[in-house]
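Worksheet for the structure shown next.
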Amino acid sequence: MLAEDLAKQQKSISVAEFFEKNKHLLGFDSPTRGIITTIKEAVDNALDACEEAGVLPDIFVSIRKASPDAYRVAVEDNGPGIVPEQVPYVFGKLLYGSRFHQIRQSRGQQGIGISAAVLYAQLTTGMPATVVSRTSAQAPAHRFSLMIRTETNEPEVLGHEEVAWDRTHGTRIELEFTSTLAARKRLVEYLRYTSVVNPHARIRVEIDGEATTFERVSAEPIVSPQAIQPHPHGIELGTLKRMAAAKADATLEDFLVGSFCRVGKKTAEEIAAAAGLPVGARMDAIAPDALKTLLAAMQSVHVPAPPTNQCLSPIGEDLIVQGLEKEFQPDFVKARTRPASVFSGHPFVVEAAIGYGGKLDPDGAAQVLRFANRVPLLYQQGACAVTAQVAGVNWKNYGLSQSGLPLGPVLVLVHVASTNVPFTSESKDAVASIPEIEKEITLALQDLGRELKAYLARRERNRQKEDRARAVCAVIPAIAEKVAEIVEKPVPDISAIEGRIMHRLVARKRFYDGRVLIEVRNHTADDLALVVYDISADTAEDARPAPDFVSDLDGEYTRVWNCALAPGEAWHVVYTGKGGGMLDVRGVEDTKKVVVYL
């Protein structure tokens with residue numbers, strides 16, 4: 001009777017029931033992370049929809065507290081919208097989507113993400129999702145209230161009505177679930193990083209009334225990748241059997257040419273010959289064992305790589321640089337896009353960038369930004385192949401200190417774009433260790449390392465030149481004064497000597513006998529329009545010439561003068577004071593000026 005009793009207990013489960021008990025697999029393992037995963041899935045869908053429609057993404061994210069332990073999240077986009085008949089299935093059915101069977105680069109693919117967020121919301125608060133969508137200015141907006149029937153993985157529509165909406169097209173989803181804002185900083189970082197690799201998008205976020213906007217730096221919509229046929233080198237036996245059964249009446253030649261990319265008649269004949277099969281054989285006449293032989297032949301015959309310019313959409317070096325400069329303001333930034341490559345029949349492109357100095361944190365290890373198909377990877381950094389490759393480069397060869405990761409004010413960005421990014425788990429937090437991808441990452445980083453090394457060497461040479469120039473500017477006047485004292489003659493004009501040595505703009509600030517003298521001399525060959533900034537505790541009310549602008553902040557005075565100097569000309573100002581403070585001159589490159597305090 002034991003077997004019969006066990007049989008009565010056995011039953012099938014729906015995919016919704018499975019993920020209801022295993023939500024950690026999808027990134028909903030804690031309330032803190034749940035809110036980030038929800039916004040990630042909604043923003044990814046919004047970006048994909050806008051790109052497919054060929055419009056510049058304009059995305060709004062709202063997070064507000066609904067109760068002591070629950071937040072209401074809304075994400076709104078200006079995409080093409082969703083036809084009313086499909087809205088319940090897109091948001092209320094797991095494993096329902098348009099990209100799973102397409103071989104092209106996209107952020108989402110399985111059709112799980114946003115519906116998993118709906119499931120998470122109803123699990124934690126019991127509240128339904130609210131979806132508003134509109135497809136055009138001529139069509140009305142539709143608002144749905146829906147949940148997921150976990151026992152059947154089918155949507156349950158609780159309400160549907162036509163509503164007025166100010167957007168002519170787009171989609172808005174609202175979810176309420178148990179969460180915290182303990183990871184608020186990481187949430188804003190996610191949106192910030194998203195704006196870096198999606199420079200064509202404008203993202204505005206409001207968290208409890210506090211607004212932040214990440215502006216776009218490119219006004220050109222990206223070209224949406226186009227789907228391609230599978231590549232012969234990326235096919236497994238089960239997939240081949242299913243494809244053959246779907247085209248049972250086709251000949252082997254027609255099957256190979258029509259079902260796979262980069263296979264023409266000549267390549268089809270080579271594959272058939274290697275498999276020992278006639279090209280005119282019908283697919284339903286090929287035995288299962290012969291299909292195994294055919295698969296081996298497909299793997300052995302040389303087939304050109306898939307058309308990566310069609311199915312992939314890398315960011316591009318210029319846009320990566322613009323995105324990093326906008327958000328991080330480094331002194332130095334370079335990017336590299338590697339040539340397209342293939343692993344197991346799947347095309348991919350590796351892009352990388354490195355930034356140094358500026359507003360980057362000078363303490364600790366480098367900041368590593370990981371991306372896959374334009375999506376930031378925030379978790380499981382230690383388990384990611386990207387991190388391993390960054391740590392595996394010998395950065396000491398390129399002028400950086402290193403303890404695993406490089407140290408100092410350094411930022412390293414790596415983006416992997418592929419039709420099938422190999423993640424380590426369903427939560428898509430880390431890239432798996434694939435030798436072909438690891439090789440491309442390393443080559444890109446080494447190339448950028450050489451660029452950084454050249455920059456650091458150039459910066460050091462300029463620093464040494466500036467130190468020497470500052471020393472010369474400080475020493476020559478002192479020598480002239482001593483010589484004049486010894487020979488009992490007036491102090492000579494040293495500007496001609498200084499000009500032959502320096503070939504720069506020299507600005508001096510000197511204190512003597514209770515007065516401050518600021519002198520600016522143009523030893524360059526260019527006409528210069530300059531702005532002189534003098535900041536100190538001196539009021540300088542008797543300054544001659546009078547400053548064009550003066551401000552007082554807590555007893556510290558900022559004075560500004562505008563002046564124009566031809567080559568060889570000088571400008572000066574004198575006022576009563578104690579000196580000190582700061583002097584700066586704008587309107588000339590830093591490498592062509594020297595500021596000296598005497």
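All heavy atoms count here, side chains included; hydrogens, waters and symmetry mates do not. Computed from a predicted structure; not experimentally measured.
- Between V263 and A268, the shortest heavy-atom contact is CG1-N, 4.0 Å.
- With sequence neighbours excluded, the residues that form a side chain to side chain contact (heavy atoms under 4.5 Å, CB included) with N373 are Q105, A417, V421.
- Under the ring-ring contact (aromatic ring centres under 6.0 Å, His included) criterion, Y71 pairs with no residue at all, not counting sequence neighbours.
- Residues forming a ring-ring contact (aromatic ring centres under 6.0 Å, His included) with H200 (at least two apart in sequence, or on another chain): none.
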Compile the donor-acceptor pairs under 3.5 Å between side chains in residues 347-363 and protein atoms, sequence neighbours left out, one pair per line.
unit_1: E351; atom_1: OE1; unit_2: I315; atom_2: N; d: 2.9
unit_1: E351; atom_1: OE1; unit_2: H415; atom_2: ND1; d: 2.9
unit_1: E351; atom_1: OE2; unit_2: I315; atom_2: N; d: 3.2
unit_1: E351; atom_1: OE2; unit_2: G316; atom_2: N; d: 2.8
unit_1: E351; atom_1: OE2; unit_2: T337; atom_2: OG1; d: 2.9
unit_1: D361; atom_1: OD1; unit_2: D363; atom_2: N; d: 3.1

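- In summary, the side chains of E440 and S341 do not present any donor paired with an acceptor at a separation below 3.5 Å, with no hydrogens or angles considered.
- Pairs of residues two or more places apart, or lying in two chains, that qualify as salt bridge (Lys or Arg N to Asp or Glu O under 4.0 Å) and include a residue from residues 323-335 are R192-E327.
- Between H346 and F343, the angle of the ring planes lies from 30° to 60°, which puts this pair in the tilted group.
- Ion pairing of D429 with R33 is present here, as a side-chain N (NZ or NE/NH1/NH2) and a carboxylate O approach within less than 4.0 Å.
- Within the 3.5 Å criterion, the main-chain N or O of R216 finds no donor-acceptor partner in the side chain of N198.
- Contact of the W395 side chain with the L405 side chain is not registered, since no non-hydrogen atoms from C-beta on lie closer than 4.5 Å.
- The number of heavy atoms from other shown groups lying within 6.0 Å of CG (N394) is above 12.
- Listed by chain and residue number, nothing satisfies the ring-ring contact (aromatic ring centres under 6.0 Å, His included) test with Y193 (two or more places apart in sequence, or in another chain).
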